[in-house]
Amino acid sequence: MGKQYWLMKSEPDAYAWGQLVKDGTGIWDGVRNHTAKLNLMAMKKGDEALFYHSNIGKECVGIMEITEESFPDPTAEEGSPWVVVRVAPVRALTHPVTLAAIKAEPRLADMDLIRQSRLSVGRVTPTEWQLILKMSETAAG
DNA sequence: GCCAACGTTGGC
DNA sequence: GCCAACGTTGGC
């Protein structure tokens, strides 16, 4: 299988893109939803993910790489099913791609982000990924 | 196993 | 602040 693409949400109040850049690497902890967990478990080292700021900003702001595949979430109770992956920032998007811009693009209407708005870790198809990156080069949203 | 009540997420 | 979506809990 080729590289897979993902979108991961964080409220910037809790953990922002800038913090990940500052930290250099981080674990994506706190996921407590089974669908999101399955996505974390499906991630492979070298996959790439969009960092999305939920609530404040509501936009994709950067690209991360998965640097370590899923392992138990140290912030969860022992024996619980929750997992984390390790991520590292790759680069900021030239311009953030806003939720409004994604909603305005019919070719992105099937994204997990749109169809299942509460899902914090979603899949992005290669086609969707290329389109979002292209949008990030040309517009601020 | 069904469903009402309730809590959380996240957009508006 | 409100509400829709959706997950969880608990009564039956």
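Numbers restart at 1 for each chain; the letters A, B, ... are given by sequence-line order, proteins then strands.
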Chemist: Using a cut-off of strictly less than 4.0 Å between a heavy atom of the residue and any atom of DNA chain C, enumerate the qualifying residues of residues 73-85 of chain A by number.
Modeler: none

Chemist: Under 3.5 Å, is there a donor-acceptor pair between the side chain of A/Glu128 and the main chain of A/Thr125?
Modeler: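 Checked: pair present.
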
Chemist: List in chain and number order the residues that pass salt bridge (charged side-chain N to carboxylate O under 4.0 Å, His left out) with A/Asp47, two or more places apart in sequence or in another chain; answer none if no residue qualifies.
Modeler: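 Applying salt bridge (charged side-chain N to carboxylate O under 4.0 Å, His left out) to A/Asp47 gives none.
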
Chemist: Can you find a heavy atom in the side chain of A/Asn39 that is under 4.5 Å from one in the side chain of A/Trp6?
Modeler: yes

Chemist: What pairs with A/Gln116 under side chain to side chain donor-acceptor pair (under 3.5 Å), at least two apart in sequence or on another chain?
Modeler: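 None.
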
Chemist: Heavy atoms of chain A, cut-off under 4.0 Å: which first and last nucleotide of DNA chain B, 5' to 3', fall inside that, if you could look?
Modeler: B/dG7 to B/dC12

Chemist: State whether A/Glu48 and A/Lys3 are salt-bridged, where the test is any N-O pair (Lys NZ or Arg NE/NH1/NH2 against Asp/Glu carboxylate O) under 4.0 Å.
Modeler: yes

Chemist: Taking the ring centre of each residue, are A/Phe51 and A/Trp28 less than 6.0 Å apart?
Modeler: yes

Chemist: Which of residues 113-125 of chain A sit near DNA chain B, with a heavy atom under 4.0 Å from it?
Modeler: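 Heavy-atom contacts with DNA chain B come from A/Ser117, A/Arg118, A/Ser120.
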
Chemist: Measure from the side-chain N and O atoms of A/Glu137 to the backbone N and O of A/Leu93, and report whether any donor-acceptor pair falls under 3.5 Å.
Modeler: no

Chemist: Could you tell me whether the side chain of A/Leu133 reaches within less than 4.5 Å of the side chain of A/Val97, counting heavy atoms only?
Modeler: no

Chemist: Can you check whether A/Glu11 reaches A/Asn55 side chain to side chain, under 4.5 Å on heavy atoms?
Modeler: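 In contact.
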
Chemist: Can you list, pair by pair, the side-chain donor-acceptor contacts under 3.5 Å of residues 76-87 of chain A, counting residues two or more places apart and other chains?
Modeler:
unit_1	atom_1	unit_2	atom_2	d
A/Ser80	OG	A/Glu77	O	2.8
A/Arg86	NH1	A/Thr25	OG1	3.2

Chemist: With sequence neighbours excluded, what pairs up with A/Tyr15 under the ring pair (Phe, Tyr, Trp, His ring centres under 6.0 Å) test?
Modeler: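 With sequence neighbours excluded, A/Tyr15 shows a ring pair (Phe, Tyr, Trp, His ring centres under 6.0 Å) to no residue whatsoever.
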
Chemist: Any residue in residues 11-20 of chain A with a heavy atom nearer than 4.0 angstrom to DNA chain C? Just list them by number, or reply none.
Modeler: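 Here the set is empty: none.
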
Chemist: By the salt bridge (charged side-chain N to carboxylate O under 4.0 Å, His left out) test, which pairs, at least two apart or in different chains, include something from residues 93-110 of chain A?
Modeler: A/Glu105-A/Arg107, A/Asp110-A/Arg115

Chemist: Between A/His53 and A/Trp17 (side chain of the first, backbone of the second, donor and acceptor by atom type, cut-off under 3.5 Å), is there such a pair?
Modeler: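 Yes; judged by distance alone, with no hydrogens or angles, the pair exists.
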
Chemist: State, to the nearest 10°, the angle formed by the axis through the first five base pairs of the helix from B/dG1-C/dC12 to B/dC12-C/dG1 and the axis through its last five.
Modeler: 10°

Chemist: With sequence neighbours excluded, tell me which residues meet ring pair (Phe, Tyr, Trp, His ring centres under 6.0 Å) with A/Tyr52.
Modeler: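 Counting only residues at least two positions away or on another chain, A/Tyr52 forms no ring pair (Phe, Tyr, Trp, His ring centres under 6.0 Å).
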
Chemist: Going by the salt bridge (charged side-chain N to carboxylate O under 4.0 Å, His left out) test, which pairs reach into residues 18-35 of chain A, not counting sequence neighbours?
Modeler: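 Only A/Arg32-A/Asp73 qualify under salt bridge (charged side-chain N to carboxylate O under 4.0 Å, His left out).
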
